[in-house]
Amino acid sequence: AAGQPTHLSLDISRSVRSQQQYASHAFQEAGHARELEERYDAQVAAEEAAEAARLAAEAAEAAKIRKDPKSASFHGGFEKRELKMVPVGGEVNFGQSATKKGLGTAPPLPASVFQPRDSVTAAEKPTGGGTMQFSGDEDDGAGAPSAEALALLADPLASPRNPHLPPLPATSARMAPFLSSDEPPQLPPPNVRMSSRVPLSVYGSERGGRVAAPTVSFPPAASNPNLMNLLLEVPYKRGVHTVSVNQRYLNHEPTFDAAFELLPARADFGVLAVGRVYRFPLKLVNVSNLSQRFSIKQNPRARLVFAPGAVAAGMALPLEVEVCEMAPSELREVLTIVTEREEISLSVSATVVDVAGGVEPALKGGVRMLAAAPRDPALLKTIAPTVNDIDGGTKRFAAPPRDPSYVKPDFFGEPPDEE
């Protein structure tokens, strides 16, 4: 074979086959190695996840609030406080409480208590007026109440204690006033019946005084439907079509639903002094299920102070009526609040008197004096009044007076002659 001639084609084919076999073997080995590496990575990840879960479970178990092994619930505490059935003629155990120890053991009742009452065998004696009187051992023939009954009717609290009940020993200072046989129990004074502590505000700060309870018993002010707006605007306004709203409309006949309610129904200032600024608080509540807008027709003698804008459903907007009269008079005015569905009329009344050198009139409930002098009219041009005002406000400076000879030029007129 060594002497045979070598052909180039045989060598090339043999070399190609050997290289193909090597490449196929290497590819298979590489795939097997990748598979082993993926299995190893998955195993390591699973072990790490299991360890993390174990640590999290241990941390959660350690963070749990555990009960003290010496607590009463581990030693029959709940069973001691369980309500016990009281047998007829038996005693109340009170779950081994302090009341049981204070009352003591109930004495045995006499045997006559458990004996059934006999049927009516006494002779009936008719008396005047159509009434019946029974004669027996308890009447003694006289029919008059006993001395104990008369004492009980005269003063029930001072009557003697039932002899069949056990005595109540004064075991504590709280029970002593109620166990005294000389004086009947009395309520504490009104100023100590409730706590006088003022709770903190929602921000955790101290309050300046007691919190006044809101008044919800005022009838709302009278109103008339806004027919023009109800016919032109309300039917085409996008509303709320939830299940609760639709169900409410299906349960009753179509009626007029108001948009706002004004509380209280009228603003009665009472007696006021001349030259003072007074305010009366009001509340405008949106009672519909939509956001509503409103406008106010102001009056020169009584002005409504408010924050303009829409009012969300269920929200209340604070208002104040401001009055300042410069001469003694009787104030009788009507303010109108125009909403999308109605027109609310608010009557304002006040009696203004001159108290120069005299005593200031007492203010009615809710009325407050904002300022002791009238407000500068020029102040309203720069600062709008609000319901949170604490005084009439002042101007830091006044505008300089204008030159009376100054004439504003007409830019669209003919130019002046140079001659």
Side-chain angles (χ1 to χ4, degrees), residues 208-209 212-224 260-286 293-309 311 316-339 342-396 398:
T215 304
V216 296
S217 59
F218 285 145
S223 61
N224 296 319
F260 286 97
E261 285 187 357
L262 183 63
L263 302 173
R266 58 194 307 268
D268 186 7
F269 283 84
V271 182
L272 306 180
V274 172
R276 272 65 163 176
V277 182
Y278 297 93
R279 285 192 178 180
F280 186 87
L282 302 170
K283 183 168 60 174
L284 188 65
V285 185
N286 184 355
R293 295 183 177 273
F294 65 95
S295 61
I296 296 178
K297 296 180 180 179
Q298 297 286 3
N299 190 286
R301 300 185 65 188
R303 176 185 178 86
L304 261 178
V305 180
F306 64 100
V311 182
L317 179 70
L319 309 175
E320 282 188 339
V321 183
E322 182 176 299
V323 172
C324 180
E325 290 292 310
M326 302 306 299
S329 61
E330 289 287 336
L331 179 64
R332 299 291 184 271
E333 300 293 340
V334 176
L335 298 176
T336 304
I337 302 178
V338 181
T339 70
E342 69 268 315
E343 295 182 358
I344 305 175
S345 300
L346 174 67
S347 61
V348 182
S349 61
T351 302
V352 184
V353 297
D354 190 1
V355 292
V359 181
E360 291 284 343
L363 300 180
K364 296 188 65 174
V367 181
R368 65 185 180 104
M369 186 173 68
L370 186 67
R375 183 188 288 107
D376 186 1
L379 188 62
L380 299 176
K381 300 179 181 179
T382 56
I383 301 177
T386 64
V387 294
N388 299 321
D389 292 339
I390 58 176
D391 55 16
T394 57
K395 289 181 69 67
R396 293 187 179 181

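All values below were derived from every heavy atom in this structure, side-chain atoms included, with hydrogens, water molecules and symmetry-related copies excluded.
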Ring centres of Tyr278 and Phe269 under 6.0 Å apart?
no

Between Asp354 (side chain only) and Pro328 (backbone N and O only), is there a donor and an acceptor less than 3.5 Å apart?
no

Show the numbers, then the answer: is there a side-chain contact (heavy atoms from CB on, under 4.5 Å) between Leu346 and Leu262?
CA-CA 8 Å; Leu346 174 67; Leu262 183 63; 4.0 Å; yes

Indicate yes or no: at least one non-hydrogen side-chain atom of Phe306 is less than 4.5 angstrom from one of Leu284.
no

When you measure from the side chain of Arg375 to the backbone of Gly392, do you find a donor-acceptor pair of N or O atoms at a distance under 3.5 Å?
yes

Identify the two heavy atoms, one from Arg332 and one from Ala350, that lie closest to each other, and give their separation to 0.1 Å.
NH1-O, 3.2 Å

Give a yes or no on whether a salt bridge exists between Glu360 and Arg276, defined as a side-chain N under 4.0 angstrom from a carboxylate O.
yes

Test side-chain contact (heavy atoms from CB on, under 4.5 Å) on Val367 and Asp268 and set out the steps.
CA-CA 9 Å; Val367 181; Asp268 186 7; over 6 Å; no

Asn299 and Glu333: side chain donor to acceptor below 3.5 Å
yes

Is there a side-chain contact between Pro374 and Met326 (heavy atoms, below 4.5 Å)?
yes

Are Ile337 and Leu319 close enough, and set up right, to give a side-chain contact (heavy atoms from CB on, under 4.5 Å), and what steps lead you there?
CA-CA 11 Å; Ile337 302 178; Leu319 309 175; 4.2 Å; yes

Minimum heavy-atom separation for Val277 to Ala373, with atom names?
CG2-O, 3.6 Å

Are Arg301 and Ser329 close enough that a side-chain donor and a side-chain acceptor fall under 3.5 Å?
yes

Basic-acidic side-chain contact under 4.0 Å: Arg303, Glu322:
no

What I want to check is whether the side chains of Thr351 and Glu330 have a donor and an acceptor closer together than 3.5 Å.
yes

Within a strict 4.5 Å, meaning less than it, do heavy atoms of the Val348 and Leu335 side chains meet?
yes

